[in-house]
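Here is the structure we will look at.
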Amino acid sequence: MPGSIRLDTLRTLDIDLGGPVNLEATLECGQAFRWRKVAIPGRRDVAASYLGVMPLLPASGRRGTRQIAAIVGQTDKVTDRLTVAYDAGSHGCASPGAVQEAILRYFSAGDDLPAIERDIAGADPVMAATAPPAHGLRILRQDPWECLASYVLSINNNIPNIGKIVEHLARYLGEPVGFGESGFPSPELVACQENGFLRESKCGFRDRYLKDATEKVVSGEVDLAALGDMPTEQARERLMRIRGVGPKVADCVLLFAYHRLDVFPVDVWIARAMSRFYLDGRPVTPKVAREEGARRFGALAGYAQEYLFCHIRSGLAG
DNA sequence: AAACAGGTGCTAA
DNA sequence: TTAGCACCTGTT
């Protein structure tokens, strides 16, 4: 539950994404680590709502806090509209317009989901079967630094534990962003911590990877803003200069933060799924699975990958 | 108790 | 290029 909510500065918005969204599929498919389901007492019309922290686009001409806590809800499993509650008191510049813009960007309102879903479902019988559980799943546009750090922490780790580490970093280093939540700390802030801090955060052997990421981002050796203007392959090569960033982590950052929808991140689950559904059960290397995904799904490989993941994790794969 | 978890770096062929 | 192995920590 939210730690503390100030009613005098609570604001709510009703936002039309212009296309379908399914919060459960979008926020629990594993692409982001900070959203948790919350119950809204006395609101039976709200089918699902989630509390989390997301990037807030800076108001034009001002420097401001870059993140905001929000409770995002919808009235049915899949809707075009979202209700968004936030604490306007925590951000001098969090105008309703700024929050709306941030939501539209974060949930990729520009993606033509009906067309994407139609194309993928029409690709083959396997993808047709993945469509129902994934209906309304949207690939988010996460903050690049938070996404990079989170996926470095995901190496040989499980999802609940990744979330715990991320929450620890935010709680101890991040700034208040409303609802008692904290923003994800900047690379500069993480970089200047004592060695003991990362040990307390329980990130284990990943501490040196996270440290290398902070150093290369702070120094500009890996310029996260510049990656947005680079061709995908070049950005991938640049990300992989960081120790602890291999093909899988790099692809997740490219897909979930830079919205490169043609990348096809391959983890053990996806490798198994590709083997089973498309390669006759033969064991496949990540490299082969990745090429096969790109070959079959092309510009929409990222969405196809999420549908596959959603499908096999939903228990409906048989 | 032992194995495993949304991989990666290192080493050896 | 690729296969084999260790790795913090928490959970089952």
Side-chain angles (χ1 to χ4, degrees), chain A residues 24-36 130 133-134 137 139-140 142 146-169 171-172 190 193-217 222 236-257 260 263-277 279 282-293 301-315 317:
Chain A
E24 181 183 3
T26 299
L27 300 177
E28 295 192 34
C29 67
Q31 62 177 317
F33 300 98
R34 294 204 64 186
W35 293 93
R36 61 183 191 273
T130 69
L137 187 159
I139 291 177
L140 301 167
Q142 298 183 52
E146 176 175 341
C147 189
L148 170 61
S150 298
Y151 277 93
V152 163
L153 295 173
S154 80
I155 297 170
N156 193 227
N157 206 348
N158 54 69
I159 294 174
N161 210 31
I162 300 162
K164 267 189 212 169
I165 302 169
V166 170
E167 288 301 328
H168 182 272
L169 295 177
R171 189 160 59 254
Y172 279 86
V190 177
Q193 298 307 307
E194 308 279 353
N195 285 338
F197 176 79
L198 289 181
R199 188 158 30 255
E200 289 164 20
S201 73
K202 312 287 187 184
C203 60
F205 66 86
R206 306 165 197 83
D207 56 0
R208 64 198 179 92
Y209 297 156
L210 187 56
K211 200 158 197 326
D212 193 57
T214 63
E215 288 169 0
K216 287 193 165 66
V217 169
V222 177
R236 188 172 195 259
E237 178 276 324
R238 204 59 71 91
L239 284 167
M240 287 176 61
R241 292 183 185 181
I242 296 168
R243 301 289 83 180
V245 178
K248 196 278 186 172
V249 170
D251 282 351
C252 285
V253 175
L254 289 169
L255 180 58
F256 300 134
R260 303 301 169 92
V263 311
F264 190 80
V266 174
D267 55 42
V268 292
W269 294 96
I270 293 299
R272 280 178 209 148
M274 293 302 284
S275 164
R276 174 179 164 194
F277 294 132
L279 297 160
R282 302 195 316 276
V284 298
T285 62
K287 183 173 154 62
V288 168
R290 183 165 173 270
E291 289 163 354
E292 188 69 10
Y303 267 100
Q305 189 265 13
E306 284 302 287
Y307 290 7
L308 264 182
F309 193 75
C310 189
H311 181 58
I312 56 186
R313 298 298 296 260
S314 71

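With hydrogens and angles ignored, the 3.5 Å screen pairs no side-chain donor or acceptor of A/Arg241 with any backbone N or O of A/Arg238.
With centroids closer than 5.5 Å and planes inclined by less than 30 degrees as the test, A/Phe309 and the base of B/dG6 pass as a stacked pair.
Between A/Phe264 and A/Asp251, the shortest heavy-atom contact is O-OD2, 4.1 Å. The minimum heavy-atom distance between A/Ala289 and A/Ala271, with the atom names listed, is CB-CA, 4.3 Å.
Backbone-only engagement by A/Ile242 is indicated by non-hydrogen atom pairs under 4.0 Å involving sugar-phosphate atoms exclusively. Counting non-hydrogen atoms under 4.0 angstrom, A/Pro286 reaches nothing in the nucleic acid. Looking at heavy-atom distances under 4.0 Å, A/Lys248 makes contact with a base. In this structure, A/Arg272 reaches the sugar-phosphate backbone alone: every heavy-atom distance under 4.0 Å involves primed, P, OP1 or OP2 atoms, never a base. When heavy atoms are screened at a 4.0 angstrom cut-off, A/Arg243 is found touching the sugar-phosphate backbone but no base atom. Within 4.0 Å of A/Gly246, counting heavy atoms only, lie sugar-phosphate atoms of the nucleic acid but no base atom.
Each of A/Val245 and A/Asn158 was matched to the nucleotide of DNA chain B holding its nearest heavy atom; the match closer to the 5' end belongs to A/Asn158. Sequence order on DNA chain B of the closest nucleotides to A/Ile270 and A/Gly244 puts A/Ile270 first from the 5' end. Heavy-atom distances to DNA chain C give each of A/Arg208 and A/Thr285 a nearest nucleotide, and the one nearer the 5′ end belongs to A/Thr285.
The side chain of A/Lys164 contributes an N or O atom lying less than 4.0 Å from OP1 or OP2 of C/dT11.
When the P atom is compared between C/dA6 and B/dC4, the two are found 14 Å apart, to the nearest whole Å. Across the P atoms, C/dC8 and B/dT11 are found 15 Å apart, a figure rounded to whole Å.
Note: NZ (A/Lys287) to P (C/dT1) measures 7 Å, nearest angstrom. Taking atom CD1 on A/Ile159 and atom P on C/dG10, their separation rounds to 18 Å, with Å as the unit. The separation between A/Ile162 atom CD1 and B/dG6 atom P is 7 Å, rounded to whole Å.
Side-chain atoms of A/Asn156 and base atoms of B/dC4 include no donor and acceptor less than 3.5 Å apart.
In this structure, the ring of A/Tyr151 has its center less than 6.0 angstrom from the ring center of A/Phe33.
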Inset, instruction - For ring-ring contact (aromatic ring centres under 6.0 Å, His included), just list the numbers for A/Tyr172 and A/His168, CA-CA rounded to whole Å, side-chain angles, deciding distance to a tenth of an Å, and then say yes or no. - result: CA-CA 6 Å; A/Tyr172 279 86; A/His168 182 272; 4.5 Å; yes
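Note on ring orientation: taking the six-membered ring where Trp is involved, the planes of A/Phe277 and A/His311 are tilted (angle from 30° to 60°).
Taking a cutoff of 4.0 Å between a charged side-chain nitrogen and a carboxylate oxygen, A/Lys216 and A/Asp212 qualify as a salt bridge.
Stems are defined here as 3 or more consecutive Watson-Crick or G-U wobble pairs with pairing distances under 3.5 Å; those involving DNA chain B are B:2-5 with C:9-12, B:7-13 with C:1-7.
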